[in-house]
Amino acid sequence: DTGHAETVLVRYDENILKLSELVTRFFLVIDPTSLNKQGGDVGSQYRTGIYFSDESDSTIVKQMMDEEQKKYDKPVVVELLPLYAFYAADEYHQQYLDKNPSGYCHIPKSLLEKKF
């Protein structure tokens, strides 16, 4: 009931990894047509979104979302909004799969290990 979304803050070097590559990888690990749900996690806190701090990033992401939409008959429901707040999760949530190797993650491990 808080309106929060579970998310990850990503800091990257555009000289090493382009935003477009990051967004491409994001779309590989989510179902962009799934509203308030990813894998077995259900609820508005599990909605998918891309939250930007640089307005110029929104143009690139919006173009990529439009291209992604062409792959689906259902609407892409990924939020694209400015980041207005970010709070780090409690320590027991940090590096969750390292701490809980048998823990649940909807992303296939093979995809996490994929080299791009």
>> Working to the nearest 0.5 angstrom, can you tell me the gap between E79 CD and T48 OG1?
In response: 7.5 Å

> Okay, side chain of K37, backbone of G39: is any donor-acceptor separation there less than 3.5 Å?
Replying inline: yes

> Can you check whether S34's main-chain N or O pairs, donor with acceptor, with R47's side chain at less than 3.5 Å?
Replying inline: no

> Is it true that Y87 and Y84 fall in one hydrophobic cluster, defined by side-chain heavy atoms closer than 4.5 Å?
Replying inline: no

>> Rounded to the nearest 0.5 Å, what separates atom NZ in K71 from atom OG1 in T33?
In response: 12.5 Å

> Side chains of L22 and V10: closer than 4.5 Å at any heavy-atom pair?
Replying inline: yes

> Where do A5 and Y51 come nearest, in terms of heavy atoms and distance?
Replying inline: CB-OH, 4.2 Å

> Under the 3.5 angstrom rule, does the side chain of D90 hit a backbone N or O of Y92 as a donor-acceptor pair?
Replying inline: no

> Hey, any chance I60 and V78 share a hydrophobic cluster, counting ILVMFWY side chains that come within less than 4.5 Å of each other, even indirectly?
Replying inline: yes

> Counting N and O atoms only, with roles assigned by atom type, does the side chain of E68 sit under 3.5 Å from a partner on the main chain of Q63, one being a donor and the other an acceptor?
Replying inline: no

>> So does I30 get a backbone contact from the side chain of Q38, meaning a donor-acceptor N/O pair under 3.5 Å?
In response: no

> If every non-hydrogen atom of E14 is compared with every non-hydrogen atom of K18, which pair is closest and at what distance?
Replying inline: OE2-CD, 3.0 Å

> Is there a path from Y72 to M65 through hydrophobic residues (I, L, V, M, F, W, Y) whose side chains come within less than 4.5 Å of each other?
Replying inline: yes

>> Quick check for you: to the nearest 0.5 Å, what is the distance between T59 atom OG1 and L19 atom CG?
In response: 10.5 Å

> Is there side-chain contact between R25 and L17, with heavy atoms separated by less than 4.5 Å?
Replying inline: yes

>> So if I apply the side chain to side chain contact (heavy atoms under 4.5 Å, CB included) rule between F52 and each of L80, V61, L83, which one comes out positive?
In response: L80

> Taking atom types as modelled, is there a side-chain donor on T24 or E21 under 3.5 Å from an acceptor on the other?
Replying inline: no

> Rounded to the nearest 0.5 Å, what separation is found between the CE atom of M64 and the CZ atom of F27?
Replying inline: 7.0 Å

>> Taking F26 as the starting point, is it possible to reach Y12 by hopping between hydrophobic residues whose side chains are less than 4.5 Å apart?
In response: yes

>> Nearest 0.5 angstrom please: L9 CG to F86 CZ, how far?
In response: 4.5 Å

>> Is it the case that over 12 heavy atoms from other parts of the model lie below 6.0 angstrom from the NZ atom of K62?
In response: no

> In Å and rounded to the nearest 0.5 Å, what is the NZ to CD distance from K70 to E67?
Replying inline: 3.5 Å

